[in-house]
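Order of the sequence lines fixes the chain letters, A, B, ..., with proteins taken first and strands second; residue numbering starts at 1 for each chain. As the structure is a computational prediction, the values presented were derived from the model and not from experiment.
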Amino acid sequence: GDSVTQMEGPVTLSEEAFLTINCTYTATGYPSLFWYVQYPGEGLQLLLKATKADDKGSNKGFEATYRKETTSFHLEKGSVQVSDSAVYFCALCTSGTYKYIFGTGTRLKVLA
Amino acid sequence: KAGVTQTPRYLIKTRGQQVTLSCSPISGHRSVSWYQQTPGQGLQFLFEYFSETQRNKGNFPGRFSGRQFSNSRSEMNVSTLELGDSALYLCASTYDGGRNQPQHFGDGTRLSIL
């Protein structure tokens, strides 16, 4: 079946450091890919998405590129802030399944 | 535009009891999905409803069931509660469940089993 694998956390970085959170997937069909973020005490919210190969999703300084050849959708940010501390989830949805598959989440902690 | 509303926010039950959770999707959204979130397992898909029909379900025992009403509101029921059912239960909605549509999540119902 379809699956999403994220790097284990927690990830601890200093403010202004470069961030990469790895995400790889397996899917029987052609999925859309998403990154969601859960800030402390808040609900899950969409961060960015990409719906076809080579698409780049971006929001709030975060970026991720849909790489079909490597089945990856790694999340990057050039300079993290303390306010980026949260749990990040990679997810996919394949046409006709009506089912979103989520990774286990990666906790990011940014230190001032 | 109001977001996804889940009630109640917190529930405490004992083993063997049953519980019903409610979800009202964003106005105009007809697809409602349910997830169980636990620290070790992340988000596990429970089921998805569209136009009162369950279109997909995850790998959960039959104690977990759901339904959707004609106004797209959805309920989830868990019978014969077990300690392992303690979790945050999240509801999410989209217009029709198409793969390009991001899910909009409610704040969840935190269920604790004593």
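For the atom pair A:Tyr98 OH and B:Phe50 CZ, the distance stands at 8.0 Å (nearest 0.5 Å). Taking NZ of A:Lys99 as the reference point, atom CZ of B:Arg55 lies at 14.0 Å (rounded to 0.5 Å). Annotation: the span from A:Leu44 atom CG to B:Tyr35 atom OH amounts to 9.5 Å, rounded to 0.5 Å. Separating the CD atom in A:Glu42 from the CG atom in B:Asp107 is a distance of 8.5 Å, to the nearest 0.5 Å. Note: B:Gln44 CD to A:Ile101 CD1 = 8.5 Å, rounded to the nearest 0.5 Å.
In the hydrophobic cluster analysis, where Ile, Leu, Val, Met, Phe, Trp and Tyr join through side-chain heavy atoms closer than 4.5 angstrom, A:Trp35 is grouped together with A:Phe62. The hydrophobic cluster containing B:Val32 also contains B:Val19, counting ILVMFWY residues as joined when their side-chain heavy atoms lie under 4.5 angstrom apart, directly or transitively. B:Ile26 and B:Phe105 fall into different hydrophobic clusters, defined by Ile, Leu, Val, Met, Phe, Trp and Tyr side-chain heavy atoms under 4.5 Å apart, directly or through other members. The hydrophobic cluster containing A:Tyr36 also contains A:Val87, counting ILVMFWY residues as joined when their side-chain heavy atoms lie under 4.5 angstrom apart, directly or transitively.
Residues A:Phe34 and B:Gln103 have side chains not in contact (no heavy-atom distance under 4.5 Å, counting atoms from C-beta outward).
Counted within 6.0 Å of CD on A:Glu16, heavy atoms from surrounding residues, nucleotides or ligands total 12 or fewer; the atom is thus considered open. Around the CD atom of A:Glu8, the shell of radius 6.0 Å holds no more than 12 heavy atoms that belong to other residues, nucleotides or ligands. Counted within 6.0 Å of OH on A:Tyr30, heavy atoms from surrounding residues, nucleotides or ligands total more than 12; the atom is thus considered enclosed. In the displayed structure, B:Arg15 atom CZ is contacted under 6.0 Å by at most 12 heavy atoms of other residues, nucleotides or ligands.
A donor-acceptor pair under 3.5 Å is formed between the side chain of A:Lys49 and the backbone N or O of B:Asn100. Using a distance-only test at 3.5 Å, with no hydrogens or angles considered, no donor-acceptor pair links the side chain of A:Tyr100 to the main chain of B:Phe45.
A:Ser95 and B:Arg99 share no donor-acceptor pair across their side chains, judged by distance under 3.5 Å alone. A donor and an acceptor atom, one from each side chain of B:Gln37 and A:Gln38, are located under 3.5 Å apart.
Comparing A:Thr51, A:Thr104, A:Leu33 by heavy-atom pairs within less than 4.5 Å of chain B, the highest count is held by A:Thr51.
Only the side chain of B:Thr94 comes within contact range of chain A, judged by heavy atoms closer than 4.5 Å.
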